[in-house]
Amino acid sequence: MKNSILDYSLKSNLRYMFSQVPNPLKKLAMYLVFYTVSKTALLLLNVVSTKMILEVLFRAFTPQNALLVVFFLAVCTLIASIGETVFWNRYWPLVVHIRMLFLSLLGQKAMKLDYPSTETPELLESLEVARAASSNNRRGLAGLLINLSAVIPAVISCLLCAGIVIGVTPWAMIPMVLCPFINFKFSQAYKKVQYEKEYQISEEIDRKKEIISSTFWDFRYGKEIRVFQLADLLLQKFIELMKEQERAFQSIEKEKFKSIAYSKLVVFTLEALAYLMVLQRITEASISFSDFFMLIAAFDSILLLVEEILKTLSDIQKNNAEIACFRKFMDLPQKAEQSGELALPMEFLSLEFRNVSFQYPNTAAYALQKVSFCIEKGQHIALVGLNGSGKTTILKLLMRLYEPTEGEILLNGINIQKFSILEYYTLFSTMFQQIQPYAFSVAENIAMGEEIDSERLKNSLLRSGLDETVQKLPKKENTQLLKLMDDTGIEFSGGQMQKLAFARAIYKDAPLVLLDEPTAALDAFSEEKMFQAIDAFTSDRTSLVVTHRLSCVQDCDNILCLENGRLIEQGRHQTLMQNNGKYAALFSKQAALYERGIQN
């Protein structure tokens with residue numbers, strides 16, 4: 001279903017919120033009712049208390065009666081005030097709790113989105129808006145609930161105050177009602193400028209400032225900043241953005257001043273007219289002085305309440321638009337949610353590329369063109385070629401991170417799109433070139449799940465060569481990686497991270513092993529040990545390795561040589577060397593460079 005025909009109205013968005021977290025919202029509704037009653041009662045007491053006290057004084061009640069009335073008003077005000085505070089303190093934490101639930105839903109969605117969409121600027125922008133709707137207590141989901149708690153008591157109180165005024169002097173309501181609407185109209189001009197500038201600040205300036213400022217304390221940039229003396233350049237760019245932000249805020253304040261000046265003049269005139277109408281009733285002896293003071297209090301309350309209602313309704317409209325963006329993001333289709341037409345085969349037999357071509361989104365050039373090959377059970381395959389030849393793209397297509405633009409990929413002779421993508425992922429133990437550590441323990445970084453099998457973990461550490469490093473750590477495999485969540489966390493070197501990635505692949509124990517530059521960060525001796533460990537692990541499995549180290553692929557069953565997205569050669573090492581083609585040239589060049597390095 002396309003987003004354009006989905007219903008993202010306020011009513012629909014409220015129904016959506018209730019459906020996602022029904023239990024907390026039931027409590028929320030109850031607290032909102034009690035909070036509304038308390039707040040409305042408090043406001044009405046402020047309006048009528050002056051009248052009641054003056055009635056006591058003017059009608060010469062006994063001191064005992066006067067004290068009783070004052071005591072009664074004080075007790076009612078205290079109860080209403082305590083009720084307002086108590087129920088707000090029940091309401092507000094639930095709002096935050098609900099927002100956190102929706103934020104977790106957003107995180108779950110973001111982590112399961114189809115991989116190609118995560119690399120598009122459009123999706124990243126929509127994700128930022130969706131995050132704003134669920135990660136800020138004044139915007140989006142929480143903002144709507146907070147604004148509802150403001151507008152509902154305000155509307156009820158305003159109607160009750162209007163009823164008091166109409167009961168005494170109906171015509172005075174006309175200028176009093178016009179005042180907030182005129183004030184609101186003037187504010188719209190500056191609100192438009194405010195929205196545009198704040199959008200520019202949040203979506204452009206703040207984002208750029210965050211990108212630059214993050215390098216100040218991200219130690220991954222520390223070496224380059226010091227060696228290339230980039231500090232002055234980074235600070236200069238940051239200051240330029242701050243100046244741009246200041247100019248935007250100045251534009252907002254200028255429009256705000258003009259709006260307030262014009263609206264105050266008009267509102268003052270209308271208020272004066274309303275007060276004159278009331279004073280006329282006093283001169284005619286139609287109302288008492290106590291009624292006069294009650295009307296003044298009601299007027300002031302109506303002015304403030306209508307202004308608050310209009311502002312809050314405008315905020316609710318903005319909240320609703322942000323929730324609509326949140327829902328649009330949540331409604332994005334994803335393959336992980338789709339069930340497969342067929343069950344995944346019990347045994348892996350073959351994986352075949354058949355005339356596969358591929359273009360990355362928003363690019364004209366083909367990353368792969370008419371590539372065909374087959375990986376059969378038990379085979380060890382190597383992908384070689386210069387940078388940009390399409391090796392990593394083939395891995396992404398094998399893992400269904402992308403779908404072919406043309407052609408098809410077959411598992412045991414069946415198109416892989418017929419299988420559930422989550423089941424399909426179970427085929428692969430993967431060692432990625434870019435290895436991402438998580439702020440978890442070493443054990444959790446290897447098991448990549450909540451439950452950890454101690455025997456599998458021990459086996460993974462031993463076979464990957466990481467066990468020697470882990471045994472020296474203060475808490476062994478329970479030592480935290482990174483210092484983001486634990487000051488005692490440790491940082492692995494590049495070579496240790498590659499061993500960690502290999503340990504992950506071993507722990508998963510899948511039938512097909514994919515290795516993307518598995519020894520790029522290792523020295524020659526460590527590289528030899530790593531490949532020996534890889535050979536031992538993959539001896540009874542099927543494997544595909546991407547590497548620039550051609551000396552390590554001589555024993556592979558099939559070597560696929562790529563150039564500019566085309567498969568130009570394939571075969572065993574000896575056959576390709578005899579063919580004296582591109583592979584032979586690459587291998588001879590590497591061998592010559594290696595020999596030159598030894599001689600030097």
Side-chain angles (χ1 to χ4, degrees), residues 32-55 73 76-77 79-81 83-85 87-88 146-191 256 259-284 286-317:
L32 179 57
V33 169
F34 291 135
Y35 171 74
T36 299
V37 171
S38 301
K39 188 171 184 180
T40 304
L42 188 62
L43 187 139
L44 285 178
L45 284 168
N46 290 333
V47 171
V48 302
S49 59
T50 303
K51 173 182 170 62
M52 294 180 69
I53 293 172
L54 288 174
E55 290 284 348
L73 289 172
C76 289
T77 302
I79 292 172
S81 180
E84 180 188 22
T85 302
F87 292 119
W88 174 255
I146 296 300
N147 285 320
L148 285 175
S149 71
V151 76
I152 293 174
V155 169
I156 295 173
S157 301
C158 187
L159 291 174
L160 292 173
C161 288
I164 292 172
V165 174
I166 291 171
V168 179
T169 174
W171 291 106
M173 274 300 300
I174 296 175
M176 297 310 297
V177 170
L178 285 175
C179 285
F181 282 98
I182 291 173
N183 192 22
F184 180 74
K185 184 178 184 301
F186 278 109
S187 69
Q188 287 299 96
Y190 113 80
K191 281 288 183 67
K256 184 178 181 179
S259 169
I260 291 175
Y262 291 139
S263 66
K264 289 295 182 185
L265 180 62
V266 176
V267 167
F268 175 79
T269 304
L270 290 171
E271 284 183 8
L273 179 60
Y275 292 146
L276 284 172
M277 290 181 182
V278 176
L279 287 171
Q280 183 183 5
R281 297 294 302 277
I282 291 179
T283 58
E284 296 172 352
S286 301
I287 61 173
S288 65
F289 279 101
S290 60
D291 286 333
F292 170 75
F293 284 107
M294 181 182 68
L295 288 173
I296 295 301
F299 281 162
D300 289 341
S301 296
I302 290 171
L303 282 172
L304 293 174
L305 289 168
V306 174
E307 188 173 347
E308 181 182 356
I309 290 168
L310 292 174
K311 177 183 178 300
T312 307
L313 288 176
S314 177
D315 290 340
I316 286 175
Q317 186 178 20

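All of these numbers come straight from a predicted model, not from anything done at the bench. In what follows, every heavy atom counts, from backbone to side chain, and hydrogens, waters and symmetry copies are set aside.
Between the CG atom of Asn147 and the CD atom of Gln317 there is a distance of 12.0 Å, given to the nearest 0.5 Å. Taking CD1 of Ile309 as the reference point, atom OG of Ser157 lies at 8.5 Å (rounded to 0.5 Å). The CG atom of Leu44 sits 12.5 Å away from the NZ atom of Lys39 when rounded to the nearest 0.5 Å. Between Ser81 atom OG and Leu45 atom CG the span is 10.5 Å, to the nearest 0.5 Å. With values rounded to the nearest 0.5 angstrom, Ile156 atom CD1 is found 11.5 Å from Leu43 atom CG.
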List the steps and the verdict of side-chain contact (heavy atoms from CB on, under 4.5 Å) for Trp88 and Ser149.
-> CA-CA 9 Å; Trp88 174 255; Ser149 71; 3.4 Å; yes
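By the side-chain contact (heavy atoms from CB on, under 4.5 Å) test, Thr85 is found to be paired with Asn89, residues two or more places apart in sequence or in another chain being considered.
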For residues 160-168, dump all side-chain donor-acceptor pairs below 3.5 Å to protein atoms at least two apart in sequence or in another chain.
none

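Pairing each heavy atom of Ala150 with each of Glu308, the nearest pair is CB-OE2, 3.8 Å.
For the pair Thr77 (side chain) and Leu73 (backbone), a donor-acceptor distance under 3.5 Å is present.
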